[in-house]
Amino acid sequence: PYRLLHLLAHMKTSESFAVLKRLIPNLPKAGNAIVLQKPLLDSAELTTTLFPELLQKANDPLFGTVVAVVANQLAEDSLLTKKDLKAHKQEILQGAHNEWKLLQEGTYEPWEVVRWAHLLGGLNDPEGTTLLRTMLLHKDASLKKSVILALLRNSHTVPPTEIVKVAADKSTRLSFYEALQGIGKTTLFPALYASQKSLAESELYNLFSEDYEDFTL
């Protein structure tokens with residue numbers, strides 16, 4: 001069934017998206033929902049016509065992941081407002097709780113929860129902030145980085161000890177520093193890892209890790 005929905009999205013016409021909009025409330029209970037992600041991202045203007053129906057499916061066990069990715073991208077492109085997100089905060093919160101639980105159970109990987117950290121940051125709701133603070137305790141540096149940035153963008157405090165953990169990790173150090181630059185928060189970045197040498201080490205680490213599993217810098 002999701003393949004048929006994919007065909008509609010791949011047509012990229014106002015008519016096909018109008019049909020898709022009518023079908024979203026009754027999504028399939030099985031199948032690979034991820035096939036819809038790329039065509040929805042590739043057709044941003046058309047995809048905006050699928051709201052609010054898409055946000056109403058943020059808590060869907062299969063399709064919720066796609067909703068989070070698409071909503072994040074549209075919000076970044078200023079095609080989706082914070083008001084739109086808040087109108088469906090319960091569905092978003094439930095979707096985030098669902099995937100956080102799957103991570104805790106070992107069914108999901110940390111990178112799959114990163115998109116929810118972004119979305120919760122965009123929502124900026126007290127309950128969402130509470131969940132972000134719970135996510136902050138996860139050991140994965142990439143997830144921790146996304147949570148910290150989501151909190152800081154909304155002017156929430158973050159324990160310096162958690163910031164140090166992300167800066168100390170070579171895989172996240174440089175991107176974390178650059179992200180903090182983007183929001184004017186580089187003063188929070190530990191001086192120990194802010195040197196040109198340490199940032200270059202992070203850049204080299206990520207460059208080599210794309211091609212090699214084992215290497216020494």
Side-chain angles (χ1 to χ4, degrees), residues 1-125 127-128 131-132 134-135 138 140 142-143 145-147 150 210:
Y2 271 107
R3 288 292 178 184
L4 296 176
L5 296 178
H6 172 265
L7 288 175
L8 283 171
H10 193 66
M11 290 170 69
K12 299 179 182 179
T13 67
S14 57
E15 292 82 2
S16 67
F17 270 69
V19 175
L20 198 56
K21 185 180 179 75
R22 293 199 302 270
L23 294 176
I24 286 175
N26 297 294
L27 287 171
K29 301 300 182 185
N32 184 16
I34 202 69
V35 297
L36 274 175
Q37 183 171 299
K38 188 176 187 304
L40 291 180
L41 289 173
D42 289 344
S43 314
E45 294 290 344
L46 284 170
T47 301
T48 58
T49 66
L50 301 180
F51 288 89
E53 284 80 4
L54 281 183
L55 284 178
Q56 291 170 358
K57 291 295 180 179
N59 58 353
D60 185 90
L62 296 177
F63 194 61
T65 292
V66 176
V67 174
V69 173
V70 172
N72 278 320
Q73 186 59 59
L74 293 183
E76 187 175 324
D77 295 340
S78 299
L79 295 172
L80 194 63
T81 67
K82 185 169 291 187
K83 182 179 178 181
D84 295 325
L85 297 179
K86 285 187 176 296
H88 297 280
K89 73 172 187 177
Q90 292 307 322
E91 291 91 342
I92 293 172
L93 290 170
Q94 187 58 58
H97 277 289
N98 290 346
E99 300 218 5
W100 172 245
K101 182 180 178 182
L102 289 172
L103 174 61
Q104 297 298 101
E105 294 172 350
T107 305
Y108 267 31
E109 295 295 327
W111 65 266
E112 295 178 281
V113 183
V114 165
R115 51 203 165 207
W116 289 100
H118 287 308
L119 196 55
L120 289 174
L123 182 62
N124 193 20
D125 176 82
E127 187 178 341
L131 179 54
L132 283 171
T134 300
M135 291 179 175
H138 196 276
D140 183 79
S142 182
L143 176 56
K145 180 189 79 171
S146 297
V147 171
E210 292 178 2

Q: Mark yes when over 12 heavy atoms from residues, nucleotides or ligands other than K82 sit less than 6.0 Å from its NZ; otherwise mark no.
A: yes
Q. Which heavy atom of L131 sits nearest a heavy atom of A96, and at what distance?
A. CD2-CB, 3.7 Å
Q: Look up atom CG in D140 and atom CG in L103, then write down how far apart they are to the nearest 0.5 Å.
A: 8.0 Å
Q | F17 side, atom CZ; K12 side, atom NZ - distance, nearest 0.5 Å | A | 8.5 Å
Q. Given side chains that start at C-beta, do those of L41 and L74 come closer than 4.5 Å, heavy atoms only?
A. no
Q: Find out whether Q104 and H138 are in side-chain contact, i.e. whether some heavy atom of one side chain is under 4.5 Å from a heavy atom of the other.
A: yes
Q: Grab the two heavy atoms, one from H88 and one from P52, that are nearest each other, plus how far apart they are.
A: NE2-CB, 3.2 Å
Q) For the side-chain contact (heavy atoms from CB on, under 4.5 Å) test, which of N72, L55, L119 pairs with V67? A) L55
(Q) Is any side-chain heavy atom of V35 closer than 4.5 Å to one of L5? (A) no
Q: Looking only at non-hydrogen atoms, find the nearest pair between A9 and L36 and report the distance.
A: CB-CD2, 3.9 Å
Q | Close side-chain approach of E15 and V19, heavy atoms under 4.5 Å | A | no
Q | Under 3.5 Å: donor-acceptor pair, side chain of N59, backbone of Q94 | A | no
Q: Report the relative orientation of the aromatic rings in Y2 and F63; use parallel for angles under 30°, tilted for 30 to 60°, perpendicular for over 60°.
A: parallel
Q | Rounded distance [0.5 Å steps], CG in L80 versus NZ in K83 | A | 12.5 Å
Q) Strictly by modelled atom types, are T65 and E99 linked by a side-chain donor-acceptor pair under 3.5 Å? A) yes
Q) Taking atom NE2 of H97 as the centre, does the number of heavy atoms from other residues, nucleotides or ligands within less than 6.0 Å exceed 12? A) yes
Q. To the nearest 0.5 Å, how far apart are NE2 in H10 and CG in D42?
A. 9.0 Å
**Q.** Non-hydrogen side-chain atoms of L93 and L123 separated by less than 4.5 Å
**A.** yes
Q) What do you reckon, is NZ of K86 surrounded by more than 12 foreign heavy atoms closer than 6.0 Å? A) yes
Q: Please confirm whether the backbone N or O of V70 pairs with a side-chain atom of Q73, one donor and one acceptor, at under 3.5 Å?
A: no
(Q) Would the distance check show the side chain of D125 and the main-chain N or O of E127 forming a donor-acceptor pair, the cut-off being under 3.5 Å? (A) yes
(Q) Looking at T81, is its backbone amide N or carbonyl O close enough to the side chain of D84 to form a donor-acceptor pair, meaning the two atoms are under 3.5 Å apart? (A) yes
(Q) How close do W100 and L143 get, counting heavy atoms only, and between which atoms? (A) CZ3-CD2, 4.1 Å
**Q.** Side chain proximity check, V66 to I34, heavy atoms < 4.5 angstrom
**A.** yes
(Q) Looking at every heavy atom in both G121 and A150, which two are closest together, and how far apart are they? (A) CA-CB, 3.9 Å
Q) Is a side-chain N or O of K21 found less than 3.5 angstrom from the main chain of T49, in a donor-acceptor match? A) yes
Q) Under 3.5 Å, side chain of S43 to main-chain N/O of L40, donor-acceptor pair present? A) no
Q. Quick one: does M135's side chain get under 4.5 Å of L120's, heavy atoms only?
A. yes
Q: Find out whether D60 and E91 are in side-chain contact, i.e. whether some heavy atom of one side chain is under 4.5 Å from a heavy atom of the other.
A: no
**Q.** Reported CG-to-CD distance for the pair L27 and E53, which is rounded to 0.5 angstrom
**A.** 11.0 Å
Q: Work out which heavy atom in L85 is nearest to a heavy atom in I92; give both atom names and the distance.
A: O-CD1, 3.6 Å
